[in-house]
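Only one structure is covered here, and it is reproduced in the block below.
Because the structure is predicted, anything quoted here is derived from the model rather than measured.
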Amino acid sequence: MKIVIEELHSRGHQVSVVRASDSWYIKENSPFYTSITLNAESGFDEEFLTAFVTQLLEIQREGKSLWTRLKLEIEVAQKSAEMNEKGCKMIELLFENKDRMQSLLDAKYDLVLADPVSPIGSELSDKMSFPQRLLNIFIFGYTEFQIAYYILPYYVGLVSKYLGPDADYLSLFQAADIWLMRADFVFEFPRPTMPNVVYMGGFQCKPAKPLPEHLEEFVQSSGEHGVIIMSLGTLIGELPRDLADEIAAAFAKLPQKVIWRYKGKRPATLGNNTLIVDWMPQNDLLGHPKMKLFVAHGGTNGVQEAIYHAVPILGLPLIFDQRDNLLRIEVRGAGKMIDIFSMNEDLLSAIQEVLNEPSYRMNMQRLSRLHRDQPITPLENALFWLEFVMRHKGAAHLRTESYKMPWYSYHSVDVLLSFLAAAGAITSLALEQQQ
């Protein structure tokens, strides 16, 4: 959203952002937008998310089992319910503020941008065995259950009260004019799509800028061996002490220099070749000529930046969509994934494998060439369609109306039943004639 807003601002658009007072990522003051701050909890504050992620990590440390996976899914569903409950209260607060609502109406906005999220994570490829296809059906059903049980109930009364009894929560999503998807079929598995779905995977990627002087000096000191960077993303600033020590010990045995974004206590096993930083210019480091490997959690932005700069990945997935993202990289031979909670000596050997086996870098270079070979950049494509919606006051001609159909019509159950009824009638007549 931040990148899209900055680009809209650069094109002369005026942007307003509705935010909660406890927003973590969305700052109140910005040169790119005017903020409309609601005195409400968003359910997406730093303290809540940090505690949530810590709990997910503790559950996963219990080991791989069906019970562990079930506990993990229940925890995610419950926290999702908490966030949606707070989100509903924030929306109601906005709707009840008549002056605020009138000011929004008076502004006559040309476009509304929303950032929805739903339960995800099948960890399956597009080449599934029969047991995997059974699992896929189960995951789909469970996802539908999560939406129905943990999300929809919070919005039913809200939607009915302010939008009328005929309004439906899911239909509000499906009625969107354009969907901007952070996906690229260089990375994603092929799937059916619709004309109002715009793929903009890698929209945040850009050529590397020069590094700060202290980082450039450290990178250059690596000589012919090059540099490895490690980051577990914004949400995971630190790890349990034993895991951090294992990682630091593995890095210490490498000839490469390592830059590790980490906010926890300094690991006891940290080697002289490893630099720990609170923040790093990840895109600029990935684009540096001496970059050899990206040790990453598998977040969407980081994976796409690695593809753009052709840097192979060693994945340590932790939560949310990370395992699915890294599975796609592994399937394409552009990286390797290991379990951070049971890695022991596997981390060092996995790093050495990805560094020394040329196929990983060659496959990632191939993905990078495919990703870059486009008529316009993903960001330009996204902005074209946003401005298209503004120019034409929507894009209803691209939107399917199938979501308005009852389920039996959508799945042609009524047609199938009519065929079966006709076949039954013909068979019955034929039997009567034979008698």
> Taking 4.0 angstrom as the limit, do Asp22 and Lys86 come out as a salt bridge?
Replying inline: no
>> In terms of relative ring orientation, are Phe388 and His392 parallel, tilted or perpendicular, with 30° and 60° separating the classes?
In response: tilted
> Is the backbone of Tyr403 close enough, under 3.5 Å, to the side chain of Gln174 for a donor and an acceptor to pair up by distance?
Replying inline: no
> Between Pro240 and Phe341, is any pair of side-chain heavy atoms under 4.5 Å apart?
Replying inline: no
>> Please evaluate residues Gln282 and Glu305 with respect to the criterion side chain to side chain donor-acceptor pair (under 3.5 Å), reporting the C-alpha separation (whole Å), side-chain torsions for both, the decisive distance (0.1 Å), and the verdict.
In response: CA-CA 9 Å; Gln282 182 172 289; Glu305 287 172 0; 3.0 Å; yes
> How far apart are the C-alpha atoms of His371 and Gln304, what are their side-chain angles, what is the distance that settles it, and do they pass the side chain to side chain donor-acceptor pair (under 3.5 Å) test?
Replying inline: CA-CA 9 Å; His371 168 73; Gln304 290 175 343; over 6 Å; no
> Run the salt bridge (charged side-chain N to carboxylate O under 4.0 Å, His left out) check on Arg182 and Asp321 step by step: do they pass?
Replying inline: CA-CA 13 Å; Arg182 290 191 308 160; Asp321 61 340; 5.3 Å; no
>> Donor-acceptor pair, distance only, cut-off 3.5 Å: does the side chain of Ser368 make one with the backbone of Ile307?
In response: yes
> Do Asp284 and Lys209 touch side chain to side chain, with heavy atoms closer than 4.5 Å?
Replying inline: yes
>> Under 4.0 Å between a side-chain nitrogen and a carboxylate oxygen: does that hold for Glu123 and Arg69?
In response: yes
> Between Glu216 and Gln220, is any side-chain donor less than 3.5 angstrom from a side-chain acceptor?
Replying inline: yes
> Within a strict 4.5 Å, meaning less than it, do heavy atoms of the Pro267 and Thr274 side chains meet?
Replying inline: no
> Do the numbers put Lys257 on top of the ring of Phe218, so that NZ or CZ is under 6.0 Å from the six-membered ring centre and no more than 45° off the axis?
Replying inline: yes
>> Can you tell me which residue among Tyr154, Tyr150, Tyr155 is in a side chain to side chain donor-acceptor pair (under 3.5 Å) with Asn84?
In response: Tyr155
